[in-house]
Novice: 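Before I ask anything, let me first share the structure, which is written out below as structure tokens.
Every heavy atom of this structure was used, including side-chain atoms; hydrogens, water molecules and symmetry mates were not. Reminder, nothing fancy here: chain letters follow the sequence lines and each chain counts from 1.
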Amino acid sequence: MTRYNAKESEPKWQAAWTEHGCFEAHENSDRPKYYVLEMFPYPSGKIHMGHVRNYAMGDVLARYKLAQGYNVLHPMGWDAFGMPAENAAMERNTHPATWTYANIDAMRAQLKAMGFAIDWSREIATCDPDYYRHEQAMFLDFLENGYAYRKEASVNWDPVDQTVLANEQVIDGKGWRSGAVVEKRKLSQWFLSISDLADDLLNDLATLKRWPEKVVTMQTNWIGRSEGLSMTFELVGDGAPKQGLEIYTTRPDTLFGASFCALAPDHPIAQQLAQHNPDLESFIRACQASGTSEEDIEKAEKLGYRTSLTAKHPFIAGKELPVFVANFILMEYGTGAIFGCPAHDQRDLDFARKYGLEVLPVVIPAGEDAATFSIDDDAYTGDGVLGNSHFLDGLDIEAAKSTIIKRIEDMGRGQGTVHFKLRDWGVSRQRYWGCPIPIVHCDDCGAVPVPKKDLPVKLPKDVTFDTPGNPLDRHPTWKHVDCPRCNKAAQRETDTFDTFIDSSWYFARFCSPKAETPTDRSAVDYWLPVDQYIGGVEHAILHLLYARFYTRAMKACNHIGLDEPFDGLFTQGMVIHETYQDEDGAWVAPDDVRITVSGNDRSASHITTGKPVTIGAIEKMSKSKKNTVDPQGIIDQYGADTARWFMLSDSPPERDVEWTEAGVEGAWRFVQRFWSTIADPENDALPSLNASKPEGELNAQANDLRKRSHKAVAAITDAIEAFHFNRAVAHLYELTNSIRKAAPQLRGGSDLDQWALREAMGFATQLIAPMMPHLAEQCWQHIGGEGLVIQAKWPEAEPALLTEDAITIAIQVNGKRRDEMDIAKDLPNDEVEARALAQDRIQEAIGGKTPRKVIVVPNRIVNIVL
RNA sequence: GCCCCUGUGGCGGAAUUGGUAGACGCGAUGGAUUCAAAAUCCAUUGUCCUUGCGGACGUGCCUGUUCGAGUCAGGCCAGGGGCACCA
């Protein structure tokens with residue numbers, strides 16, 4: 001028998017699928033549609049194991065749904081804009097486009113070699129003008145419909161590189177590349193008003209039934225809705241603004257426990273006071289200079305500067321609260337000002353202790369008395385009843401909140417309001433390799449949209465990266481254009497879009513990738529929503545929230561007809577690997593490590609030097625720790641099916657999977673074992689899979705095999721539906737073992753027995769096809785299956801074969817298992833009880849006592865209680 | 001600090017609604033085959049006691065509910081993830 005040759009087989013079947021157009025999706029179908037999508041890759045150069053895992057999962061689903069008779073859309077594209085291309089351009093002196101498209105070509109070839117069931121005719125790349133011109137058109141629609149606007153915002157500015165840095169590029173307050181101290185700079189930038197839709201985005205999370213709860217929770221927290229009160233305090237003192245001070249609080253019930261007010265350092269009133277107060281000015285400067293990293297915040301002391309102003313308490317005549325400028329108040333949240341109630345907020349308490357302010361409890365826990373309850377080092381944030389609070393006394397917290405809000409509203413001093421942490425999405429990037437923002441700035445007309453007929457605004461090709469700054473800005477001619485409105489000389493916007501915009505609507509473009517408009521309504525109405533979206537949990541917030549917002553904005557502009565783009569979401573785990581370090585602490589790549597096993601102990605040495613190597617933690621594959629394994633090497637050595645199978649085995653898809661050499665070898669062994677199970681020459685005399693079922697009686701073993709294989713059909717179908725690929729794999733191992741065990745006898749049996757064996761082989765081949773499609777095609781051909789296995793209808797189990805008429809149940813005495821017995825299924829309880837009590841071992845265990853109670857759970861268990 | 005998730009053999013992990021814990025795979029050990037190896041096949045493999053039959057213990061820890069708990073409840077511990085001076 002010949003070994004299975006993946007190298008020969010895989011390209012052959014890939015060609016066959018292409019030739020038959022197996023994966024091309026068409027809208028005109030009477031089959032139900034199914035849109036399966038994996039998050040599209042950034043074209044970094046070559047695929048990594050994370051891609052293999054992600055796309056293997058999506059592929060199982062796509063092929064399974066295809067076999068189930070669905071009209072499947074399973075497209076692929078490239079999230080092709082972004083900084084790495086510019087960095088590569090600087091380092092290698094190539095153009096970002098050259099680098100990107102070369103990467104795309106390389107990665108496309110690799111994905112094709114993996115044999116994924118992708119409709120390549122729908123391929124898109126976000127850096128293609130044919131893609132981004134529609135993005136520009138939609139931005140203009142958003143602008144017209146009030147979803148986009150322009151405002152001043154501060155950015156991280158690297159004065160050496162003359163560029164804006166993302167927060168992640170600022171390390172210890174310095175630019176990651178230049179090392180220069182980063183400045184805050186105000187730039188006029190474009191924003192999308194995602195916060196206008198905060199309520200919808202929050203409420204509709206409840207409709208996402210097939211999303212992981214974890215992601216829903218994370219988005220809920222990110223949107224951060226809170227209900228509270230905005231109210232104005234009257235200010236007194238030198239230079240007090242007569243409009244007063246507007247604060248925001250979620251605990252209006254604690255107003256009678258207020259002992260100070262505090263402003264953010266960049267609050268307008270603080271700024272104004274600082275103009276005539278050098279001490280305050282330097283305090284504010286110190287606040288702004290302090291770091292914003294987690295660690296800094298953790299360590300930072302609560303600092304305040306007591307201004308000359310005081311705030312009048314609205315209900316306590318003569319009570320005035322000192323007004324501080326404090327370093328822990330954020331201008332971006334609420335109104336940038338608070339009243340502090342130290343008894344019931346830890347930060348306020350820390351602050352009050354430091355500055356000797358009053359701490360008056362106003363929420364009294366059950367069992368305490370308002371007159372004697374006191375606060376020590378910990379603020380009391382629990383439940384209770386109001387005390388020391390005039391007209392609120394005796395109310396619970398919720399009642400007190402609504403009462404005080406009503407009073408303040410009636411006084412015209414404020415109103416109950418809702419605040420969100422979610423802020424508008426700044427989309428301007430001072431970068432070359434992104435989608436140009438289709439705007440012209442005219443001295444007279446302001447920001448003028450580029451007319452749609454003039455789109456796309458294309459990136460110029462002749463740019464250089466040898467000097468810092470934005471190449472679009474210093475390009476000699478590109479930005480100089482005439483105003484579309486008044487024809488006077490004007491300047492193009494030289495910013496490009498955040499690349500998250502590119503990925504916020506690509507799933508819609510896949511429905512009609514060649515349409516002359518951003519979407520073809522009949523196509524998106526047919527295909528959307530995406531039935532199953534699959535990707536890494538690292539996109540749980542930004543990408544998925546942006547895409548949800550974008551879908552709503554597109555709907556408002558008539559590009560799409562629904563609110564939620566992704567009906568089902570699955571977030572898969574990472575691929576991880578052991579790390580290795582040599583004696584000097586340098587990381588060693590897995591390829592350079594030799595592992596020695598003795599018993600259950602493992603040790604490692606360097607493959608060339610022979611020196612000992614320490615086996616370290618199992619971590620996400622990363623270049624810096626050198627614990628990566630290149631999928632290409634695996635494909636070359638074992639073939640795509642082995643890599644796919646390993647990725648789907650063992651670990652549940654949502655958890656991390658550890659890549660191990662032994663595991664891959666195990667997968668490879670199984671590929672061969674499966675092939676030899678099917679292609680054993682001894683089987684050659686068996687009837688073809690097409691042969692009709694002969695008459696006669698099955699022998700016991702053949703009957704058993706039929707039961708096993710039909711049960712496998714049911715179990716594997718359920719497992720795939722539930723995204724339990726590891727369990728589907730386990731069932732396939734079992735079915736294969738059953739076939740191997742039964743084959744020698746059944747081969748020599750009756751025609752019907754032989755047919756049953758062949759049937760089981762056919763099932764196994766079909767069931768394995770979504771995971772190892774090439775191997776399956778080879779086997780399918782070998783056993784005489786009709787056409788391609790990918791085109792075969794998914795098998796269905798005969799219900800009669802799924803139930804057993806004889807079962808084994810356990811017998812317990814006092815909850816401990818003492819024996820088991822074979823009984824007929826659905827045997828009446830009293831008979832089961834009688835038979836259980838008659839068992840020798842049970843009699844022994846009972847020891848002559850009379851059972852107090854006998855519990856019979858039909859077809860499951862008997863428990864005898866003494 | 002707040003929120004969420006996860007703890008099962010040497011390892012990855014199975015175990016419908018509470019009903020025989022450890023399926024399946026990896027690793028390991030012994031054997032067959034072989035001149036030898038690779039490959040393949042067979043057997044054993046939770047721990048402890050026992051020559052064997054068998055028995056005791058066992059799903060992070062402690063309590064509880066139940067005839068019966070990996071599964072349910074309460075309280076801890078450990079690991080991972082997310083958010084965070086958000087008023």
Novice: Enumerate all atom pairs, one protein N or O and one N or O from nucleotides 56-58 of chain B, separated by less than 3.5 Å.
Specialist:
residue: A56(B); atom: OP1; partner: R818(A); partner atom: NH2; Å: 3.3
residue: A56(B); atom: OP2; partner: R818(A); partner atom: NH1; Å: 3.4
residue: C57(B); atom: OP2; partner: K816(A); partner atom: NZ; Å: 3.4

Novice: Heavy-atom contacts under 4.0 Å between residues 709-727 of chain A and RNA chain B, which residues?
Specialist: N726(A), R727(A)
Novice: Counting only non-hydrogen atoms, which of residues 849-859 of chain A are less than 4.0 Å from RNA chain B?
Specialist: K853(A), I855(A), V857(A)
Novice: For the ring pair F646(A) and Y638(A), is the centre-to-centre distance below 6.0 Å?
Specialist: no
Novice: U65(B) and G74(B): how far apart are their C1' atoms, nearest whole angstrom?
Specialist: 11 Å
Novice: Determine all donor-acceptor pairs shorter than 3.5 Å in which one atom belongs to a side chain in residues 413-420 of chain A; sequence neighbours excluded.
Specialist:
residue: R413(A); atom: NE; partner: T232(A); partner atom: O; Å: 3.1
residue: R413(A); atom: NH2; partner: T232(A); partner atom: O; Å: 3.1
residue: T417(A); atom: OG1; partner: S230(A); partner atom: OG; Å: 3.2

Novice: For residues 258-267 of chain A, please give each side-chain donor-acceptor pair under 3.5 Å, one per line with the distance, not counting sequence neighbours.
Specialist:
residue: S259(A); atom: OG; partner: E358(A); partner atom: O; Å: 3.0
residue: H267(A); atom: ND1; partner: I269(A); partner atom: N; Å: 3.1

Novice: For H313(A), enumerate each residue passing the ring-ring contact (aromatic ring centres under 6.0 Å, His included) test, keeping only those at least two apart in sequence or located in another chain.
Specialist: F256(A)
Novice: Looking at residues at least two apart in the chain, or sitting in another chain, which of them share a side-chain hydrogen bond (donor to acceptor under 3.5 Å, both in side chains) with E658(A)?
Specialist: none
Novice: Among residues at least two apart in sequence or on other chains, which ones pass ring-ring contact (aromatic ring centres under 6.0 Å, His included) with W425(A)?
Specialist: Y546(A)
Novice: Once ring-ring contact (aromatic ring centres under 6.0 Å, His included) is applied, do any residues pair with W222(A), and if so which ones, sequence neighbours excluded?
Specialist: none
Novice: Output one line per pair: protein atom, nucleotide atom from nucleotides 24-26 of chain B, and distance, for all N/O pairs under 3.5 Å.
Specialist:
residue: G25(B); atom: OP1; partner: N737(A); partner atom: ND2; Å: 3.3

Novice: How would you list, by chain and number, every residue that makes a ring-ring contact (aromatic ring centres under 6.0 Å, His included) with F723(A), sequence neighbours excluded?
Specialist: F570(A), F725(A)
Novice: Taking only heavy atoms on the protein side, list every residue of residues 219-233 of chain A lying under 4.0 Å from any atom of RNA chain B, sorted numerically.
Specialist: none
Novice: What contact category does K214(A) fall into here, base, sugar-phosphate, or nothing, at under 4.0 angstrom with non-hydrogen atoms?
Specialist: nothing
